[in-house]
Peer 1: 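Quick one: structure below, then a few questions.
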Amino acid sequence: MNIDGKAWRTIWLEQGGRSVGVIDQTQLPHRFSTRSLATLDQAAEAISTMVVRGAPLIGVTGAYGLMLALQADPGDASLAAAFEQLNATRPTAINLRWALERVRDRVAPLPPAERAAAAALEAAAIADADVAMCEAIGDHGLALFQQLAAVRPPERQQEPFRVLTHCNAGWLATVDWGTALAPIYKAHRAGLAIHVWVDETRPRNQGANLTAFELGREGVPHTVIVDNAGGHLMQHGLVDAVIVGTDRTTRTGDVCNKIGTYLKALAAFDNGVPFYVALPASTIDWTLADGVAEIPIEARSSEEVTHIQGLSSVGSSAGELVTVQLPPQGSEGFNPAFDVTPARLVSALITERGVAPASEAGLLGLYGQAPECSEPSLAAEVDH
Ligand code: MRU
């Protein structure tokens, strides 16, 4: 996607494949900077500190992290230790484990001398497949938005189609296009008048920081709202659809996503607003049936709740990125990073294979059976 007219992906190879370039998302939207990851430790740290974040991008970074580990030491013990280190960085998004397993299973049977090169190819294939899947999600979501926009009452037809989204499930969360934002970009480029309500998404403000940044750079009309505003907007008919991404979706259609998603789904259900979840196959955990009981929820530092980062506009620090404390000294914070929305509150899942009910039957209808997502041919199967 575009930043000041230049097309970017979120992750790329540098120095002839000896390091990996990423956009430093901890500095956005106020500073656009990139980082070079040259070692396993640097890749793991980039994931855990959220220099890179978003389920699909975490997966691709993990895959390249294994490549970096194998460049340093291609032995069996190194491969196993790197897998464990990367897999422990963030526990909720299933894409990480999925991508790590895919690279490990590809390289483990090879002689050590061939492993790093094979890992590079596999990581690149995962990245390319992610782009293809996200673009296909965009096409399926666009068709859905066009149908919904067309059946609005006549007095609403002249107004933009109003979509609410939570967190950042845009191109910064993937390799390109995004999941929940892909249909929005497709709609904007197709000429459908669209307006996006952007949940700020406390505590880390991925909406206000990243989604607003992305939409602004693509020229998509949007308004940032506090997380508590969504229900009110829905009650007053100001939201035509909600669309979010997901970090892990069970085979039964339960959706784990950024904390606060569940509350949006409840408000949407109460107000008859359709609630959609956009996801690639790599986000489905076919081993789980009960999302609330079974999905591990990452608990992050309480400092993310008690402190907030932004651009200072006052005094000698004006123009600098500063961190300020919110509650009184001594008040504790609690920071579960994700929640689970039960399938019954999800109107439909939008995948690279099409739109389906959030249920086991719906997912099996799309995929036939739990797919071998490790097949490199998945990208080629995406027809759009
Ligand atoms: O903690 P984050 O910023 O990694 O959380 C990201 C989300 O919750 C996204 O909505 C999810 O990964 C889907 S992104 C395509």
Side-chain angles (χ1 to χ4, degrees), residues 1 10-11 22-26 28 46-62 89-99 127 129-131 133-138 141 164-185 198-214 227 242-249 255-265 275-285 291 295-301 304-305 335-341 346 349-352:
M1 302 298 283
T10 52
I11 190 163
V22 295
I23 298 169
D24 184 350
Q25 301 194 23
T26 64
L28 290 173
I47 298 172
S48 57
T49 60
M50 295 177 67
V51 166
V52 292
R53 29 67 54 201
L57 179 56
I58 292 170
V60 176
T61 309
T89 51
R90 296 200 69 191
T92 299
I94 191 66
N95 307 57
L96 177 58
R97 191 183 79 202
W98 169 83
D130 187 63
V131 177
M133 288 192 288
C134 286
E135 187 171 6
I137 288 168
L164 185 146
T165 191
H166 190 69
C167 194
N168 172 261
W171 70 271
L172 289 167
T174 62
V175 178
D176 204 350
W177 284 105
T179 55
L181 295 196
I184 290 169
Y185 292 131
V198 178
D199 275 358
E200 62 174 345
T201 317
R202 280 282 288 148
R204 287 188 68 102
N205 297 314
Q206 289 95 328
N209 290 344
L210 305 177
T211 299
F213 172 81
E214 284 192 24
D227 295 323
V242 178
I243 186 166
V244 298
T246 167
D247 293 81
R248 192 186 301 219
T249 288
V255 168
C256 184
N257 193 47
K258 182 52 55 190
I259 193 78
T261 301
Y262 173 46
L263 288 175
K264 293 296 135 70
F275 182 92
Y276 298 113
V277 179
L279 70 158
S282 50
T283 307
I284 303 167
D285 187 340
I295 296 177
I297 301 295
E298 176 183 9
R300 294 188 62 84
S301 163
E304 294 182 353
V305 177
N335 188 11
F338 300 94
D339 62 25
V340 175
T341 298
V346 178
L349 302 173
I350 306 172
T351 79
E352 76 283 356

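Counting convention: from 1, in listed order, for ligands and their atoms alike. A quick note: this is a predicted structure, and the numbers were derived from the prediction, not measured.
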Peer 1: Which residues satisfy the side chain to side chain donor-acceptor pair (under 3.5 Å) test with Tyr276, sequence neighbours excluded?
Peer 2: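 Testing Tyr276 for side chain to side chain donor-acceptor pair (under 3.5 Å), a comparison that skips the adjacent residues, returns none.
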Peer 1: Non-hydrogen atoms closer than 4.0 Å to ligand 1: which protein residues do they belong to? List them by chain and number, please.
Peer 2: Met50, Arg53, Gly54, Ala55, Pro56, Arg90, Cys167, Asn168, Ala169, Ala173, Thr174, Thr179, Gln206, Gly245, Thr246, Asp247, Asn257, Lys258, Phe338
Peer 1: Tell me, please, which residues at least two apart from Thr261 pass side chain to side chain donor-acceptor pair (under 3.5 Å).
Peer 2: Asn257
Peer 1: Salt bridge between Glu200 and Arg202, side-chain N to carboxylate O under 4.0 Å?
Peer 2: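 The answer is no: the pair does not qualify as a salt bridge.
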Peer 1: Under the salt bridge (charged side-chain N to carboxylate O under 4.0 Å, His left out) rule, what pairs show up with a residue in residues 255-265, not counting sequence neighbours?
Peer 2: Asp199-Lys264
Peer 1: Can you check side-chain contact (heavy atoms from CB on, under 4.5 Å) on Thr179 and Leu279, steps first, answer last?
Peer 2: CA-CA 6 Å; Thr179 55; Leu279 70 158; 5.7 Å; no
Peer 1: List the steps and the verdict of side-chain contact (heavy atoms from CB on, under 4.5 Å) for Leu172 and Leu28.
Peer 2: CA-CA 10 Å; Leu172 289 167; Leu28 290 173; 3.9 Å; yes
